[in-house]
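Here is the structure we will look at.
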Amino acid sequence: MIKIRALKVNLGDFWLEDINLDIEEGEYFIILGPTGAGKTVLLEALAGLYPISQGEIWSDGREISHLYPEKRGMGIVYQDQALFPHLSVKDNIAFGLKFMSYPREKVRERVDDMVGLLKISHLVERNPSTLSGGERQKVALARALATDPRVLLLDEPLSALDPETKEGLQGELRELHHRVKVTVIHVTHDFEEAVALGNRVAVLNEGQIVQVGTPDEVLRRPKSEFVAHFALSRNILSGRAGDGEDGYTMVDVGGIEIRAITELRDEVHLSLRPEDILISRQPLHSSARNSLSGVVADIIPRGAVIYVTVSLPLELTCLITRQSLEDLELRRGMKVWVTFKAGAVHVF
Amino acid sequence: MIKIRALKVNLGDFWLEDINLDIEEGEYFIILGPTGAGKTVLLEALAGLYPISQGEIWSDGREISHLYPEKRGMGIVYQDQALFPHLSVKDNIAFGLKFMSYPREKVRERVDDMVGLLKISHLVERNPSTLSGGERQKVALARALATDPRVLLLDEPLSALDPETKEGLQGELRELHHRVKVTVIHVTHDFEEAVALGNRVAVLNEGQIVQVGTPDEVLRRPKSEFVAHFALSRNILSGRAGDGEDGYTMVDVGGIEIRAITELRDEVHLSLRPEDILISRQPLHSSARNSLSGVVADIIPRGAVIYVTVSLPLELTCLITRQSLEDLELRRGMKVWVTFKAGAVHVF
Amino acid sequence: MTKALWRRPEGMSVVFILLSGLILVFIFAPLLKTVTSSGPGTLWGTLLEQDVYTSILLTIYAAFIATLVGLFLGVPLAYILARRSFWGKGFLEGLIDIPIVIPHSAAGIALLFVFGQQFLFGRIFHGLGVDFVNTVAGVVIAMMFVSLPFLIDSAKDGFRGVDVRLEKVARTLGASAWQSFLRVSLPLAWRNIFSGSVMMWARGMSEFGAVLILAYHVPFMGHYPVADSILVADRFASFGLDSARPVTVLVILISLITFITLRTIACRGVRT
Amino acid sequence: MTKALWRRPEGMSVVFILLSGLILVFIFAPLLKTVTSSGPGTLWGTLLEQDVYTSILLTIYAAFIATLVGLFLGVPLAYILARRSFWGKGFLEGLIDIPIVIPHSAAGIALLFVFGQQFLFGRIFHGLGVDFVNTVAGVVIAMMFVSLPFLIDSAKDGFRGVDVRLEKVARTLGASAWQSFLRVSLPLAWRNIFSGSVMMWARGMSEFGAVLILAYHVPFMGHYPVADSILVADRFASFGLDSARPVTVLVILISLITFITLRTIACRGVRT
């Protein structure tokens with residue numbers, strides 16, 4: 001368990017101040033904040049790589065604020081990986097094991113384990129400069145995990161990757177966390193990443209923690225404008241993806257079945273842009289494969305457009321124009337149908 | 001008029017080869033190609049800034065292939081502007097005028113004209129490093145136009161800008177071309193830019209010109225996969241935007257009125273993603289503001305999804321799943337309704 | 001401002017700081033010791049000696065001329081090395097530093113072999129009325145030979161830092177190659193060229209071996225002074241350490257003041 | 001491959017190439033002329049003279065020792081300058097080049113002022129049994145003083161090029177500060193350190209003025225040779241140009257061969 005108490009760090013232009021966090025053993029903890037919020041420095045301060053001005057860091061009941069980085073048992077993975085360019089993939093992964101006075105046999109075994117865990121056995125003899133972004137990130141993860149750290153610090157590990165690689169690696173991170181059970185502290189500016197991976201999320205803005213909670217709590221009751229803006233502009237749902245049929249996957253979201261197109265199964269998240277949802281007074285038979293009835297829960301005007309929240313009872317926010325509002329004569333409590341195409345549902 | 005005959009240029013890795021083009025006086029000519037196709041080098045070869053291996057370049061009946069760049073009457077604007085960092089905005093614009101033995105009075109007048117034309121009079125005393133991307137691009141345009149070139153060469157002038165600035169500057173480029181009547185050769189990898197601005201488009205791929213024609217010809221009868229892929233994934237229409245009402249703008253597209261949300265007026269282009277269009281057998285009354293009847297013209301299966309072309313008589317391509325195809329029992333020649341939200345129409 | 005929490009300093013940092021201190025003491029202690037070893041009165045008196053002030057002026061003057069010639073000839077070479085690629089360019093760039101590593105007395109003799117009156121260039125220039133043996137011109141070429149690489153390397157870095165498309169834009173705006181060079185490339189590379197010139201001038205002033213061989217006593221300002229580095233060595237050889245001290249102090253002070261002043265000017269520009 | 005279409009070359013290019021040619025001739029003609037002026041027989045005969053070969057070996061040896069000491073002391077300073085920021089750092093970095101621009105004879109005297117037996121360091125080292133006046137150690141410190149900046153500047157550039165996060169990652173993987181330096185920073189900066197060492201060694205071998213003052217004839221290999229640059233000047237002063245020629249050729253050849261060979265090795269690494 002990691003305890004951070006009254007941490008204060010000088011960032012030059014501003015301060016990280018009054019940071020208090022309790023992170024449970026084995027938790028996947030997300031620190032979410034916009035670019036320039038000091039997220040990387042916070043990770044480096046935890047790892048002992050950046051000097052702190054005040055405060056304490058405790059790990060498993062032991063204060064570690066004064067320890068050198070190599071004594072803290074924290075592994076770090078940077079956004080652009082920072083692989084050692086003069087070493088092969090294998091030697092990168094074995095780097096940390098050299099300092100543990102393992103016999104050579106043990107080192108080789110451990111490297112093989114890591115390589116197997118991250119499915120990169122075909123890369124071991126390669127030079128890091130020949131790898132793709134996703135491959136480099138897996139090597140960096142293997143290198144950090146090889147020394148069996150108490151805490152894995154991930155500094156925007158997915159944000160330098162192209163969307164496809166990103167999605168794949170996100171799945172692997174989740175699986176990795178299930179299998180290895182290491183405590184993970186992952187900083188990101190990407191809300192979907194936070195929702196997809198985090199057990200809990202801390203929102204960092206202008207040097208301060210403004211909110212801590214489960215992704216759902218943070219989304220439903222946002223205390224920062226950054227989060228509020230995000231929550232309004234996305235419908236984020238959690239559900240279980242079942243078997244597919246005819247190219248669709250049925251996702252059970254709190255008892256409601258939603259059709260989507262995805263390869264993912266079991267626990268998944270959905271997001272749906274408010275402007276992709278139609279509201280009508282009758283059910284629509286069309287190539288849009290989801291047509292659900294609900295009740296208008298709220299009508300929020302925002303300049304030229306209007307956000308309408310419909311309760312199915314799960315809540316979906318839709319974006320309509322003032323004209324539509326009048327045409328449809330929408331009122332709170334009115335029964336309506338919401339319709340959206342299976343292809344408009346983003347599963348992650 | 002610019003004539004290019006059998007031009008061949010060594011690009012190191014590959015060759016620009018057998019380039020033949022005729023560009024009319026006052027034409028807005030687009031050279032469209034993927035990144036790395038040699039577009040920038042082609043412009044530099046025209047301007048005399050890159051050596052050519054074979055071929056001829058004619059301008060107004062005079063061969064200019066052997067002239068120094070300063071004798072060719074071509075102005076160039078690069079993607080990242082290449083403003084002189086040691087000169088103010090005003091001196092950047094006046095730079096070329098210094099070599100024309102104008103009296104000082106005339107130079108000042110010409111700079112004022114350019115500044116007025118591009119609406120940047122508030123920037124003249126500034127240093128280029130303090131300007132935003134869009135502002136820098138306008139200064140670069142003013143600098144190039146100040147010397148009254150026969151041909152204006154634009155090297156991806158919009159691609160380093162954020163989407164909003166891009167849209168604004170695209171409009172200004174179109175207006176500028178109407179007012180100044182200079183011949184423009186504009187290279188880009190962005191198809192929408194090509195459609196929005198070009199009188200004609202040449203498609204460049206792997207060092208060769210694969211197609212020349214109006215944007216519409218290129219879109220409807222693509223000879224390259226790059227273009228074909230683009231054409232299938234976008235419905236591109238041209239029309240006239242009239243007055244707005246209730247936040248909408250009515251765009252007349254070949255006699256059919258389409259509702260969209262835009263500030264643009266008069267001649268505009270629309271694009272509409274196939275997956276944003278619903279197909280149904282009855283008209284839909286919903287917050288989707290466009291519901292038009294047409295006839296199924298074509299059904300093109302593409303793996304898990306199916307492209308359906310509906311003729312209104314203007315043709316729209318819609319993306320549906322196999323399941324929908326069966327549910328709706330779509331057949332060629334069947335009468336259907338297509339429905340899409342005003343917000344899904346991209347006007348440019 | 002709150003100080004960072006105290007943490008036991010890393011052993012390596014301590015060792016590195018100690019070693020760095022040692023090397024800084026090694027470099028600066030001799031200079032400080034020397035500079036503070038003579039009072040202002042003695043220095044002033046020494047400066048007024050005719051062979052001292054003529055020697056110092058000769059050194060400053062000759063190094064300055066060498067730098068001017070170096071600018072005129074070296075900047076074009078630097079520009080070509082920065083802009084063009086040709087076969088063997090990498091090798092040539094490596095060779096440019098050779099004058100720095102040739103023993104200076106040998107460099108002086110090598111110069112004598114081509115600039116002596118009976119030899120190749122010497123004969124040509126003699127026809128033009130310029131001799132190099134025991135003349136100011138000889139001091140100039142000796143200084144120039146050993147100090148040119150500093151200017152060329154620095155100017156080359158400067159031109160490399162100028163986006164070539166700025167020159168291209170200038171050409172399309174009607175500038176000839178010359179105009180584009182003078183109005184765009186040169187102003188933008190100027191800081192590097194200036195700081196390279198400072199280095200060249202200061203290095204020229206410091207030359208001893210090559211000057212000693214090529215031009216000992218030279219006619220200058222109606223007298224026959226030697227370059228100041230030779231003056232120092234002469235006094236030491238003839239009269240011993242104590243006698244050489246005031247001249248040494250003067251020479252070091254002049255070098256330090258010139259170099260630090262000009263380099264500060266050059267650096268200030270780079271930072272803004 | 002088709003050649004580019006011929007276009008009348010720009011006037012500026014022609015002028016620049018001519019001026020560049022001039023400067024290259026100025027640098028290389030004296031060296032080539034000298035090197036080709038003596039036959040292999042004469043050179044071999046000269047090399048077998050005892051005072052010649054002991055002098056050359058002394059020079060190579062002393063410069064090598066100076067470079068080793070420079071590596072040991074200068075690399076830590078370079079690392080600190082590359083990694084830490086502190087008040088006055090920019091100024092200090094400018095001062096590092098001072099030994100290059102101090103007149104070398106004056107530098108010799110300044111060294112004498114602290115390393116002479118009756119002075120500060122001289123007395124300390126004398127207690128340890130090391131003297132610097134007219135000893136190999138004196139040659140070493142004279143060479144080290146004038147050539148250190150080349151190593152420090154180059155090593156600093158090398159460390160600057162190493163991403164500091166590589167060192168941070170190494171620490172989190174269990175490496176101590178020392179281990180991270182030895183396994184990450186040093187191997188990655190090695191090319192620059194090596195090429196700086198080549199420059200320092202070559203520059204040390206070329207030193208004349210400072211060595212002349214501090215250590216003239218020194219005991220070495222059972223004889224009392226002088227550094228090779230001094231040998232050249234001595235022969236020139238005593239017997240004239242023709243007599244100095246073979247030694248000059250030998251000395252220049254050795255400098256060129258050492259420098260070009262080692263720099264080629266250093267550069268080859270950088271390119272791959």
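FYI, side chains are in, hydrogens and waters are out, and symmetry mates aren't considered; it's all heavy atoms of this structure. Below, read A as the first sequence line, B as the second, and so on, with proteins coming before strands; counting in each chain starts at 1.
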With chain C as the partner, which of [options] has the greatest number of non-hydrogen pairs under 4.5 Å?
| options | answer |
| --- | --- |
| I96(D), T34(D), L22(D), V15(D) | T34(D) |
| P149(D), A177(D), G21(D) | A177(D) |
| I102(D), V249(D), L32(D), V114(D) | I102(D) |
| I141(D), V251(D), I213(D), L111(D) | I213(D) |
| F121(D), W201(D), F181(D) | F181(D) |
| V25(D), I254(D), L19(D) | L19(D) |

Problem set entry | Among I260(D), T261(D), L262(D), side chain to side chain contact (heavy atoms under 4.5 Å, CB included) partner for T264(D) |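 Filter result, single survivor: I260(D).
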Taking the side chain as everything from C-beta on, heavy atoms only, tell me whether [X] gets closer than 4.5 Å to [Y].
| X | Y | value |
| --- | --- | --- |
| L214(C) | F145(C) | no |
| L151(D) | M199(D) | no |
| S206(C) | S229(C) | no |
| H104(D) | E207(C) | yes |

Side chain from CB out, backbone as N, CA, C, O: work out which of these in [X] comes under 4.5 Å of a heavy atom of chain D, or both, or neither.
| X | answer |
| --- | --- |
| F259(C) | side chain |
| L148(C) | side chain |
| L18(C) | neither |

Exercise. Got a donor-acceptor contact below 3.5 angstrom from the S180(D) side chain to the S176(D) backbone?
Worked result: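 No; zero donor-acceptor contacts below 3.5 Å.
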Side chain from CB out, backbone as N, CA, C, O: work out which of these in [X] comes under 4.5 Å of a heavy atom of chain C, or both, or neither.
| X | answer |
| --- | --- |
| F236(D) | side chain |
| F113(D) | both |
| I17(D) | both |
| F115(D) | side chain |

Exercise. Is F86(C) atom CZ crowded by more than 12 heavy atoms from other residues, nucleotides or ligands, each under 6.0 Å away?
Worked result: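 Atom CZ in F86(C) is crowded, with more than 12 foreign heavy atoms closer than 6.0 Å.
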Exercise. In chain order, what residues pass the salt bridge (charged side-chain N to carboxylate O under 4.0 Å, His left out) check against R84(D), with sequence neighbours excluded?
Worked result: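 Per chain and number, R84(D) pairs via salt bridge (charged side-chain N to carboxylate O under 4.0 Å, His left out) with no residue.
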For this session: Please report the C-alpha distance between E167(C) and S185(C) in whole Å, then the side-chain angles of each, then the deciding distance to 0.1 Å, and finally whether the side-chain hydrogen bond (donor to acceptor under 3.5 Å, both in side chains) criterion is met.
Result: CA-CA 7 Å; E167(C) 297 172 6; S185(C) 326; 2.9 Å; yes
